Amino acid sequence: ERNTAVAATVDGAQGNISIDTTAGAINSGNQGVGATLEGSGVLSITTGDVTAVRQAVSADSTNGDIFIDTTAGSVTTTGDTDAITSFNFNGTGNTTITTADVTSVGDTAILVFEGRGNVTIDTSAGAVTGEEGIVGIASGSGSVALTTADVVANTRVGVLGAANSG
């Protein structure tokens with residue numbers, strides 16, 4: 001997680017990551033908060049205000065649950081990247097994202113890809129704005145549940161939830 005204001009990585013069989021930045025704001029000229037869990041376990045990110053040029057909040061896992069809660073502040077990306085991203089590639093873990101205001105100036109506000117588990121995104125505590133609003137994809141046997149308030153998509157899709165099955 002080079003050039004990231006707050007970063008954590010677990011590289012191995014099992015481990016947990018817990019990041020809580022609600023005590024202060026993060027302003028980064030690159031990526032704000034990033035975590036990678038390569039193995040089983042739980043990846044949890046809780047933030048207040050995060051502003052970054054690249055991804056403001058990013059969580060990747062190969063086989064664990066991902067929880068992102070940004071309701072204590074706003075999340076903003078000022079460059080041409082997604083504001084919040086979560087990729088859970090091959091495992092059976094689930095992804096849950098709860099937000100207040102999320103803004104991406106140049107790309108997708110919230111982008112989630114889930115390999116086999118379920119995707120749950122709740123943005124009812126704030127507004128979501130981006131070139132694309134919210135994209136939640138479950139490519140395996142999982143389902144997608146989206147709860148939103150205001151979503152503004154400047155040039156592309158506002159809200160997209162897609163599940164292969166489930």
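Values below: all heavy atoms of this structure, side chains included; hydrogens, waters and symmetry mates excluded. In what follows, residues are counted from 1 in the order of the sequence shown. These numbers were taken from a predicted model, which means no experiment stands behind them.
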Inset, instruction - Check the side chains of E38 and T62 for a donor-acceptor pair under 3.5 angstrom, ignoring hydrogens and angles. - result: no

Legend entry - Common cluster, L146/F67, ILVMFWY with side-chain heavy-atom separation under 4.5 Å: no

Legend entry - By ring-ring contact (aromatic ring centres under 6.0 Å, His included) - contacts of F113 (at least two apart): none

Legend entry - Distance (rounded to the nearest 0.5 Å) between T71 OG1 and D101 CG: 11.0 Å

Legend entry - Check: N118 side chain, G142 main-chain N or O, donor-acceptor pair, under 3.5 Å: no

Legend entry - Closest contact, heavy atoms only, A153 versus G133: CB-N, 4.0 Å

Legend entry - For the student: nearest non-hydrogen atoms of G39 and S61, plus distance: O-OG, 4.3 Å

Legend entry - Gap between atom OG of S143 and atom CG of N94 - 0.5 Å precision: 8.0 Å

Donor-acceptor list for residues 10-21 side chains, cut-off 3.5 Å, not counting sequence neighbours:
unit_1 : atom_1 : unit_2 : atom_2 : d
N16    : OD1    : V42    : N      : 2.8
D20    : OD1    : T22    : N      : 2.9
D20    : OD1    : T22    : OG1    : 2.7

Legend entry - Beyond-backbone contact of I68 with I84, side-chain heavy atoms, under 4.5 angstrom: yes

Legend entry - Smallest separation among heavy atoms of V53 and T77, with atom names: O-CG2, 3.2 Å

Inset, instruction - Would you kindly say whether T85 and S58 are connected by a side-chain donor-acceptor distance under 3.5 Å? - result: yes

Inset, instruction - Among V119, V135, L160, V112, find the one that has a side chain to side chain contact (heavy atoms under 4.5 Å, CB included) with V144. - result: V119

Legend entry - T47/I26 under side-chain contact (heavy atoms from CB on, under 4.5 Å): CA gap, chis, key distance, verdict: CA-CA 9 Å; T47 70; I26 294 176; 5.7 Å; no

Inset, instruction - Would you name the heavy atoms of S139 and G115 that are closest together and state the gap between them? - result: OG-O, 3.2 Å

Inset, instruction - Quick one: do S104 and D82 satisfy side-chain contact (heavy atoms from CB on, under 4.5 Å)? Show the steps, please. - result: CA-CA 6 Å; S104 174; D82 309 317; 5.5 Å; no

Inset, instruction - Among residues two or more places apart or on two chains, list those pairs meeting ring pair (Phe, Tyr, Trp, His ring centres under 6.0 Å) that have a residue in residues 71-97. - result: F87-F89

Legend entry - Distance, nearest 0.5 Å, that separates CD1 of I121 from OG1 of T99: 9.0 Å

Inset, instruction - First locate atom CG of D65, then atom CG of N88, and finally report the distance between them rounded to the nearest 0.5 Å. - result: 7.5 Å

Inset, instruction - State the OG1-CD1 distance between T108 and I110, to the nearest 0.5 angstrom. - result: 10.0 Å

Inset, instruction - State the CG-CD distance between N154 and E131, to the nearest 0.5 angstrom. - result: 4.5 Å

Inset, instruction - Give the minimum heavy-atom separation between A59 and L43, together with the two atoms involved. - result: CB-CD2, 3.7 Å

Legend entry - Closest approach of T4 to G34 (non-hydrogen atoms, all atoms of both residues): CG2-N, 3.6 Å

Inset, instruction - Say whether L111 and I134 are linked into one hydrophobic cluster, either directly or through other cluster members, by side-chain heavy-atom distances under 4.5 angstrom. - result: no

Inset, instruction - State plainly whether one hydrophobic cluster holds both V102 and V152, where clusters connect Ile, Leu, Val, Met, Phe, Trp and Tyr through side-chain heavy atoms under 4.5 angstrom apart. - result: no

Legend entry - D107 bridged to R54 by N-O distance under 4.0 Å: no

